[in-house]
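See below for the structure under consideration.
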Amino acid sequence: MPVLGSLVIGSYQARLPKTGWNLEHPFDRLHGVDTSGTVPDYMLIAGATAYGAAQPSIVCRALAAIPEPRSCHFVDLGCGKGRPLLVASGIFPTLTGVEISRALAQVARANAAAFGKAHPQHGRIDIIAGDALAYALPDQPLVIFLYNPFRFPLMARLVETVEASLRRRPRDLYIVYYNPVCAELFDASRLLERRYAAQLPYDAGEIGYGPEESDAVVIWQNRGNTHPLPVGSPNTPITIVSPDARAVVEAVA
């Protein structure tokens, strides 16, 4: 039940030490939303990773590498409480978050409503409580955002889903993978190529509100995409510092 789930997760988060992800992020205080806190993987589905929210500054910098965002639909698979959706709503006209935890989806829906009321000029956010791997990818130009939501087996299934979607409907499609611990799966796809790779630092005001001070982001696009690549080296090597938990790229942008 969603209400029971919310109570269980809220009780768990209330007992955590107020450090890192579990501090109330400045983004939440500024916008009157609740995207902070963590949820361990055992409270989610098998094959998922723990919940913790992405840094807004890193999401913004990464999404700047997407050409013509107003023509794209933005999808966050494993969206948690929805922080990247709120950030991206200032860039994309329509957005969808998919989250298996009904409790987290309930919070994300409340956040989207509050944020949309305060920012009526931003894109419309829809939240779906369900299995991200069962979600039918829209046939329009698409940006898929992933903040390390799945371990290798589930991520392999997602790559197959993306490839099937591209075969059915060739179009501009981008994968924005924040903390890309399963990057090799996307690198191995014959239908995708790298567009961007960087190790991005937190903004100064975000330091202490996450476990690190910088995070890796890699973006793939459909092969045959005609938009020029952004400045930088998209093929920068990725190092897996901790399996399932942390990836870094060579140089800090």
Side-chain angles (χ1 to χ4, degrees), residues 5 8-9 12-13 16 20-22 35 37-55 58-59 62 75-85 96-105 107-108 127-137 142-166 173-192 194 197-200 210-212 214-220 236-249:
V8 170
I9 288 175
Y12 168 83
Q13 291 182 340
L16 294 173
W21 273 322
N22 294 308
T35 64
T38 56
V39 178
D41 55 2
Y42 64 79
M43 286 189 174
L44 305 171
I45 62 167
T49 59
Y51 169 74
Q55 297 301 330
I58 293 179
V59 174
V75 177
D76 185 347
L77 297 180
C79 70
K81 294 183 177 182
R83 185 186 293 168
L85 289 162
T96 300
V98 187
E99 173 55 51
I100 192 70
S101 164
R102 291 186 177 274
L104 290 177
V107 176
I127 303 297
I128 297 172
D131 183 352
L133 294 172
Y135 172 70
L137 297 175
L142 197 61
V143 175
I144 301 172
F145 183 87
L146 307 166
Y147 183 16
N148 186 26
F150 312 126
R151 292 186 170 85
F152 200 94
L154 294 189
M155 197 63 82
R157 286 175 52 195
L158 176 60
V159 174
E160 292 175 355
T161 297
V162 169
E163 291 177 331
S165 180
L166 280 171
L173 185 148
Y174 305 91
I175 308 288
V176 180
Y177 194 173
Y178 186 128
N179 193 17
V181 298
C182 299
E184 63 188 278
L185 290 168
F186 295 93
D187 281 339
S189 172
R190 294 183 178 182
L191 301 185
L192 300 171
R194 285 209 206 174
Q199 186 75 18
L200 297 173
E212 309 292 342
S214 69
D215 287 319
V217 178
V218 178
I219 300 176
W220 288 263
T236 303
I238 299 170
T239 299
I240 305 303
V241 177
S242 176
D244 296 329
R246 181 155 174 83
V248 300
V249 299

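On a predicted model such as this, the values are computed, not experimentally measured, just so you know.
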Within the side chain of [X], is there an N or O that forms a donor-acceptor pair under 3.5 Å with the backbone of [Y]?
| X | Y | result |
| --- | --- | --- |
| Glu212 | Ser214 | no |
| Trp21 | Ala53 | yes |
| Thr236 | Val249 | no |

Qualifying residues under side chain to side chain donor-acceptor pair (under 3.5 Å), relative to Thr161, sequence neighbours excluded = none
Minimum heavy-atom separation for [X] to [Y], with atom names?
| X | Y | value |
| --- | --- | --- |
| Met155 | Pro149 | CE-CD, 3.9 Å |
| Val159 | Ser189 | CG1-CB, 4.4 Å |
| Arg190 | Glu163 | N-OE2, 4.1 Å |
| Val218 | Ala197 | CG2-CB, 4.0 Å |
| Arg102 | Ala129 | NH1-CB, 4.0 Å |
| Val59 | Ala54 | CG2-CB, 3.8 Å |

Contacts of type side chain to side chain contact (heavy atoms under 4.5 Å, CB included), residue Pro243, not counting sequence neighbours =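 Here no residue qualifies.
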Does the side chain of Thr96 reach to within under 4.5 Å of the side chain of Tyr135, using non-hydrogen atoms?
-> yes
Please examine the side chains of Leu146 and Phe186, heavy atoms only from C-beta on, and report whether any two atoms are closer than 4.5 Å.
-> yes
How many angstroms lie between OH in Tyr174 and CG in Leu192, if you round to the nearest 0.5 Å?
->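 So the OH of Tyr174 and the CG of Leu192 are separated by 12.0 Å.
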Atom pair CG (Leu200) and CD1 (Ile58), whose distance is rounded to the nearest 0.5 Å | 5.5 Å
Residues at least two apart in sequence or cross-chain that pass salt bridge (charged side-chain N to carboxylate O under 4.0 Å, His left out) with Asp187, listed by chain then number, are Arg194
What residues form a salt bridge (charged side-chain N to carboxylate O under 4.0 Å, His left out) with Glu160, not counting sequence neighbours?
->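 Glu160 satisfies salt bridge (charged side-chain N to carboxylate O under 4.0 Å, His left out) with no other residue.
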Give every residue pair that meets the salt bridge (Lys or Arg N to Asp or Glu O under 4.0 Å) criterion with at least one member in residues 143-158, sequence neighbours excluded.
-> Asp41-Arg151, Arg151-Asp244
With Leu173 as reference, evaluate Val143, Leu191, Val162 under the side-chain contact (heavy atoms from CB on, under 4.5 Å) test and give the passing residue.
-> Val162
Check each of Asp131, Leu133, Leu158 against Leu77 using the side-chain contact (heavy atoms from CB on, under 4.5 Å) test, and report the only one that passes.
-> Leu158
Cut-off 3.5 Å, no hydrogens considered: what does the side-chain donor-acceptor table look like for residues 175-185, sequence neighbours left out?
unit_1: Tyr177; atom_1: OH; unit_2: Cys182; atom_2: N; d: 3.0
unit_1: Tyr178; atom_1: OH; unit_2: Gln55; atom_2: N; d: 3.2
unit_1: Tyr178; atom_1: OH; unit_2: Asp215; atom_2: OD2; d: 2.8
unit_1: Asn179; atom_1: OD1; unit_2: Ala247; atom_2: N; d: 2.7
unit_1: Asn179; atom_1: ND2; unit_2: Ala245; atom_2: O; d: 2.7

